[in-house]
Amino acid sequence: MCFSATASFVTAGVTGVIGVAALIRAREPAALPMAAVPLVFAAQQALEGLLWLTLPVAPDSPETGTLSLVFLLFAYVIWPVYAPLAALSIEPSPMRRRLIGACLLVGLATAGYLLAGLLSYSHSALIEGGHIVYDREVDQPDGILPPYLLATAGALALSSWPAVRALAGVIAVGYLVALVLYWNAFVSVWCFFAAAASMLILAHFQHVRAAAGAGAREA
């Protein structure tokens, strides 16, 4: 995250607990990818917490390089695919499923492009201005941002479920704030906004569980 190791580890702990609670409330196997979203965020935030600890003492070490690469794999490769998959897994509407499926195809193409870049060029991280800044020999082109946002927030915005659409709104706002105010540390700051929205996933599964319980009582 963009402040400190403590903040990253606390965020990881909180989102991890939220993820476990969401998994407990998930009633069907198909819902597990969405319920596990907070756990994926927790792992990513824990990685950045480790970076906060290693960068001051060993900025050029193999451990730092590995942590940077794995964090960027989460941000650049996993999320453009995982977000639309999670939305698709709980979507009941055939029309919306087709649209989310199109977002998934965009996400696969975006993730493939970004993965090729990650594996082709060197990368590093440094602490700058109170944030972790991820650096690469070659910057990503501006044109990659719209398909990335479509695959992540766009797929969630197409959901039939209100809480999932609200999650998309939070992610999109965080994306814009990080883009405008924290361009150098965009990846780190945006991922924090997204992790902070994990409570909405728990709210979704709590609502589904409560609705199912009410329906059973009426029957």
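All values reported here derive from a predicted model rather than from experimental measurement.
- In plain terms, the two heavy atoms of G107 and A151 that are nearest each other are CA-CB, 3.4 Å.
- Once rounded to the nearest 0.5 Å, the distance linking NE2 of H204 with CZ of R25 reads 12.5 Å.
- Taking SG from C103 and CG from L88, the interatomic distance works out to 10.0 Å, rounded to the nearest 0.5 Å.
- With values rounded to the nearest 0.5 angstrom, E63 atom CD is found 8.0 Å from T54 atom OG1.
- Donor-acceptor pairing under 3.5 Å is recorded for the side chains of T64 and S61.
- The side chain to side chain donor-acceptor pair (under 3.5 Å) check on T66 picks up nothing, with sequence neighbours excluded.
- A side chain to side chain contact (heavy atoms under 4.5 Å, CB included) with I18 is found for one member of V37, I201, L202 and no other, namely L202.
- Listed by first and then second residue, the side chain to side chain donor-acceptor pair (under 3.5 Å) pairs that reach into residues 92-111 are R96-S160, sequence neighbours excluded.
- W52 places no side-chain N or O within 3.5 Å of a backbone atom of A7 that could act as its donor or acceptor partner.
- Rounded to the nearest 0.5 Å, atoms OG (S68) and CD1 (I132) are 8.0 Å apart.
- Under a hydrophobic-cluster definition in which Ile, Leu, Val, Met, Phe, Trp and Tyr are linked whenever side-chain heavy atoms come within less than 4.5 Å, directly or via other members, L145 and L149 are assigned to the same cluster.
- Residues V77 and A111 come closest through the heavy atom pair O-CB, 3.5 Å.
- Of all the heavy atoms in W161 and P92, the pair that sits closest is NE1-CD, 4.0 Å.
- Taking both residues in full, the closest heavy atoms of A87 and L156 are given as CB-CD2, 3.9 Å, listed atom of the first, atom of the second, then distance.
- Using a 4.5 Å cut-off on side-chain heavy atoms (C-beta onward), V106 and P147 make contact.
- Evaluation of the ring-ring contact (aromatic ring centres under 6.0 Å, His included) rule for Y82 yields W79 as partners, not counting sequence neighbours.
- By the side chain to side chain donor-acceptor pair (under 3.5 Å) test, R165 is found to be paired with no residue, residues two or more places apart in sequence or in another chain being considered.
- Closest non-hydrogen pair, F74 versus V40, comes out as CE2-CG1, 3.6 Å.
- Side-chain atoms of T15 come within 3.5 Å of backbone atoms of A12 as a donor-acceptor pair (strictly under, hydrogens ignored).
- Not a single side-chain contact (heavy atoms from CB on, under 4.5 Å) links V17 to another residue, sequence neighbours left out.
- For I90 against A30, the heavy-atom pair with the smallest separation is CG2-O, 4.3 Å.
- Hydrophobic clustering (ILVMFWY, side-chain heavy atoms < 4.5 Å, transitive): Y148 and L108 are in distinct clusters.
- Residues passing the side-chain contact (heavy atoms from CB on, under 4.5 Å) test with L39, sequence neighbours excluded: V20, L23.
- Note that CG of L55 and CD1 of I127 are 5.0 Å apart. Values are rounded to the nearest 0.5 Å.
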*Can you list the steps and then say if F205 with M34 is a side chain to side chain contact (heavy atoms under 4.5 Å, CB included)?*
CA-CA 9 Å; F205 286 104; M34 180 62 75; 3.9 Å; yes
*asked:* Could you walk me through whether I171 and L167 satisfy the side chain to side chain contact (heavy atoms under 4.5 Å, CB included) test, starting with their C-alpha distance in whole Å, then the side-chain angles of each, then the deciding distance to 0.1 Å, before giving a yes or no?
replied: CA-CA 6 Å; I171 290 175; L167 174 63; 3.9 Å; yes
